[in-house]
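To keep things clear, I will list the structure first and then write my remarks on it.
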Number of protein chains: 2
Amino acid sequence: MEQRIDRIKKQLHSQSYKLTPQREATVRVLLEHEDDHLSAEEVYMLVKEKYPEIGLATVYRTLELLTELKVVDKINFGDGVSRYDLRQEGADHFHHHLVCLECGAVDEIQEDLLGDVEKVVEKRWNFEIKDHRLTFHGICYRCRT
Amino acid sequence: MEQRIDRIKKQLHSQSYKLTPQREATVRVLLEHEDDHLSAEEVYMLVKEKYPEIGLATVYRTLELLTELKVVDKINFGDGVSRYDLRQEGADHFHHHLVCLECGAVDEIQEDLLGDVEKVVEKRWNFEIKDHRLTFHGICYRCRT
DNA sequence: ATTGTTATGATAATCATTATCATTTGACAG
DNA sequence: CTGTCAAATGATAATGATTATCATAACAAT
Ligand SMILES: [Zn+2]
Ligand SMILES: [Zn+2]
Ligand SMILES: [Zn+2]
Ligand SMILES: [Zn+2]
């Protein structure tokens, strides 16, 4: 945890940003909820517990900054809000998601399943892939009877 | 075109919805811009050209209805708006997208590249796939020097 | 201490989408 | 034909997420 924050701190410094207490509190919340997919409002509520004076705008700004630095990914599952998802450290690809139509759960697939597909796309469509988003919608293992 | 509208009409009727002039005008716009990825506002502007009395709310309602009927798919590329994409007729899977980070172009991949991946997900994660969303972000063939 | 830059918090503004409601349309019964 | 009723529409208000604004605070570097 502390080392992870330290590395994010260094990453911020390398672009001459500071790790202010507000930003650190926000990063801690994200780390503590690594498996969730929190909206800005949800992050705000959680950060307030450890840093009650923080403003909503600061949370938005911090999330935007972390997105720029590729510490988090901003994703959208079609409900009205953006959600923020911590990247696996050092992962060169963004993980995939399983959204259950029954119970709404969002599970993650960390494995890179797209290696072969990406080769095909690069070659056949002459497209230089930088990133991807892959989400499956269906029925999760819990909801299958 | 006409046959296509006729089939959509039947599909509507089968759920006891009517193909009103407003709805037909909206469907025509979608058919005429099959390769684009229009926002509700953009559809509204285009429909107004042939049906100036139409209201924005009606366009939203029609797009929602067509989404329900799976005539169109609602997608989100991360700019602030939802976009509506006509499904290939009879296609059981939703096509994929190539978003260019350079010029903003959105190209389509109609082939189903995910067959093998989906088998793996169904088996290894015990997840019953109903639909998917796959988007690649990168540099398109036009922008590669 | 002075200056200048960056970050913050409160709040207003924006903008896409949804809800409301009076009116219109069109199918259908008598 | 009229009258009736549910569905659909259009104008507009309301909502809700996100962004912009701006005065103030933090803080590093003279
Ligand atoms: Zn995730
Ligand atoms: Zn489930
Ligand atoms: Zn498309
Ligand atoms: Zn391009």
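Protein chains get the first letters and strands the later ones, always in sequence-line order, with residue 1 at the start of each. What you are looking at is a predicted structure, and each value in this text was computed from that prediction instead of being measured. Only this structure's heavy atoms are used, side chains among them; waters, hydrogens and symmetry mates stay out.
- Atom CG of B:L12 and atom C1' of C:dA27 are 17 Å apart (whole Å).
- B:Q22 has a side-chain polar atom (N or O) that falls below the 4.0 Å cut-off from OP1 or OP2 of D:dG10.
- Following rounding to the nearest Å, A:L19 (CG) and C:dT6 (P) show an atom-to-atom distance of 17 Å.
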Subject >> Nucleotide-resolved protein contact map, nucleotides 24-30 of chain D, B/S/- at heavy-atom distance under 4.0 Å >> reply: -------

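- Using a 4.0 Å cut-off between a side-chain N of Lys or Arg and a carboxylate O of Asp or Glu, A:K50 and A:E32 qualify as a salt bridge.
- Rounded to whole angstrom, the span from the OH atom of B:Y17 across to the P atom of C:dA27 amounts to 18 Å.
- For the pair A:L63 CG and C:dT8 P, the computed distance is 12 Å after rounding to whole Å.
- Regarding contacts with the backbone of C:dT8, a side-chain N or O of A:T20 is found under 4.0 angstrom from either OP1 or OP2.
- The nearest whole Å value for the distance from the NE2 atom in B:H13 to the P atom in D:dA7 is 14 Å.
- Among residues two or more places apart in sequence or in another chain, the ring-ring contact (aromatic ring centres under 6.0 Å, His included) test is passed with B:Y17 by none.
- The pair A:D36-A:R83 does not meet the salt-bridge criterion, since no charged nitrogen lies less than 4.0 angstrom from a carboxylate oxygen.
- When the P atom of C:dA16 is taken as reference, atom CZ of B:F77 falls 17 Å away, rounded to whole Å.
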**OP:** Going 5' to 3' through nucleotides 15-20 of chain D, assign each nucleotide B (protein heavy atom under 4.0 Å from a base atom), S (under 4.0 Å only from sugar-phosphate atoms) or - (no protein heavy atom that close).
**Re:** --SBBB

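- Ring geometry for B:H37 versus B:F77: interplanar angle over 60°, hence perpendicular rather than tilted (30 to 60°).
- A:D79 has its CG atom 12 Å from the P atom of C:dT18, to the nearest Å.
- If you check the side chains of A:N126 and B:R144, you find a donor sitting under 3.5 Å from an acceptor.
- The CZ atom of B:R23 sits 11 Å away from the P atom of D:dA7 (whole-angstrom rounding).
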Subject >> Derivation and outcome, salt bridge (Lys or Arg N to Asp or Glu O under 4.0 Å), residues A:K130 and A:E128 >> reply: CA-CA 6 Å; A:K130 298 282 195 189; A:E128 187 186 339; 3.3 Å; yes

Original post:
Can you check side chain to side chain donor-acceptor pair (under 3.5 Å) on B:H132 and B:H93, steps first, answer last?
Top reply: CA-CA 8 Å; B:H132 57 230; B:H93 90 99; 3.3 Å; yes

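- For the residue pair A:H95 / A:D85, a side-chain donor-acceptor distance below 3.5 Å is found, with atom types taken as modelled.
- A donor atom on one side chain and an acceptor atom on the other are not found under 3.5 Å apart for A:E108 and A:H96.
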